[in-house]
Structures are given as structure tokens and as C-alpha cells.
Amino acid sequence: MTAYKCYATGADFNPWKHAVACTAKFAGVAVNFPPDFAPSEASDAAYARNCDPLKRLPALQTEDGYIAESGAILRYIARLGEKNNAGLYGWTPLEMAQVDQWIDFGNGELGVDCKK
């Protein structure tokens with residue numbers, strides 16, 4: 001099983017980090033959060049070039065490259081879960097769109113409140 005690395009701040013309550021961890025657990029996908037990753041590392045040029053040009057977190061390192069933005073990471077992990085028949089991303093185009101709808105809602109509406 002491939003283990004992915006997710007770079008995120010180590011804050012006790014980081015809603016995006018927890019969303020990635022929960023989705024990975026339900027999908028049966030191994031995701032590790034490097035404990036020695038410091039937010040200052042996100043300011044490095046290599047991070048910006050490889051992960052996110054705006055230097056935001058979280059970012060997921062895969063075998064093929066990096067994915068930034070929590071919504072994109074959640075969708076990627078949910079799709080990987082389909083290999084395990086997790087069904088997290090839905091089975092029909094309508095169900096998949098509804099999952100997208102809730103991911104967008106969570107990132108837009110709930111994410112804003114979690115930052116306060």
C-alpha cells in the first residue's frame with residue numbers, strides 16, 4: 001500500500017488536516033503527516049515550485065506529484081478509496097456531484113468559521 005505524505009500545520013485544531021485524516025481513514029488510504037514539518041518550510045522556493053505557488057497548506061505528496069488545496073486533496077483521496085470499494089465519492093454522476101457540493105460547502109462555509 002502506498003503511503004502518501006500530507007504537509008500541514010501541526011495546530012491542535014486544524015480542520016483541513018483533520019478532514020484529510022478522516023477521509024483517508026474511511027477510504028482505506030494511508031496518509032502520513034510529517035511531524036517535523038514547520039510552517040516556515042512552506043515559504044521555501046522549492047515548496048512553492050512543487051506544492052503550491054501561493055505557499056498554502058495542506059499539500060499532498062503523491063508518487064506522481066503534489067496536490068494543493070484541501071478540496072482537491074479530499075477528492076483525490078476519496079477517488080483512491082474507490083479502489084477499496086469505499087464508496088466515498090459516490091457511484092453515479094449525481095452522487096459524485098453531491099459529494100463535490102458538500103466538499104465545497106465545507107471548505108467555503110465551515111472553513112471560514114474554523115479560522116475565527
Side-chain angles (χ1 to χ4, degrees):
M1 178 188 297
T2 302
Y4 299 89
K5 287 185 185 175
C6 186
Y7 299 98
T9 58
D12 288 337
F13 184 71
N14 180 332
W16 296 276
K17 181 178 178 179
H18 290 289
V20 170
C22 289
T23 302
K25 185 166 179 79
F26 280 112
V29 175
V31 175
N32 298 320
F33 295 88
D36 55 348
F37 184 78
S40 61
E41 292 180 59
S43 63
D44 293 344
Y47 178 87
R49 183 176 58 254
N50 293 316
C51 297
D52 186 284
L54 299 176
K55 304 174 184 175
R56 291 181 292 206
L57 296 170
L60 183 72
Q61 181 181 2
T62 74
E63 294 175 338
D64 300 318
Y66 291 84
I67 301 168
E69 299 294 334
S70 55
I73 294 169
L74 294 174
R75 288 176 178 92
Y76 180 80
I77 291 172
R79 288 180 181 123
L80 287 175
E82 298 313 311
K83 295 176 185 176
N84 302 330
N85 286 323
L88 290 180
Y89 209 72
W91 301 111
T92 67
L94 175 63
E95 290 173 347
M96 292 174 190
Q98 289 172 330
V99 170
D100 287 338
Q101 168 188 315
W102 285 107
I103 290 173
D104 292 341
F105 173 79
N107 282 337
E109 300 297 324
L110 301 178
V112 171
D113 289 339
C114 290
K115 289 188 217 177
K116 293 179 182 177

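Scope of the values below: all heavy atoms of this structure, side chains included, with no hydrogens, waters or symmetry mates. We count residues from 1, following the sequence as given. As the structure is a prediction and not an experimental result, all values here were calculated from the model.
Between A72 and I67, the shortest heavy-atom distance links the atoms CB-CG2, 3.8 Å. The nearest pair of heavy atoms linking L88 to V99 is O-CG2, 3.6 Å. For the residue pair N32 and A3, the shortest heavy atom distance occurs at ND2-CB, 3.6 Å. Between L60 and C6, the closest heavy-atom pair is CD1-CB, 3.9 Å. Heavy-atom minimum distance, M96 versus G90: CE-O, 3.9 Å.
With rounding to the nearest 0.5 angstrom, the CG atom of L80 is 4.5 Å from the OH atom of Y4. Note that the NE2 atom of H18 and the CZ atom of F33 stand 8.5 Å from one another [nearest 0.5 Å].
Looking only at side-chain heavy atoms (C-beta outward), I73 and W16 stay at 4.5 Å or farther from each other.
Pairs passing the salt bridge (Lys or Arg N to Asp or Glu O under 4.0 Å) check and including a residue from residues 59-77, sequence neighbours excluded, read R56-E69, R75-D100, R75-D104.
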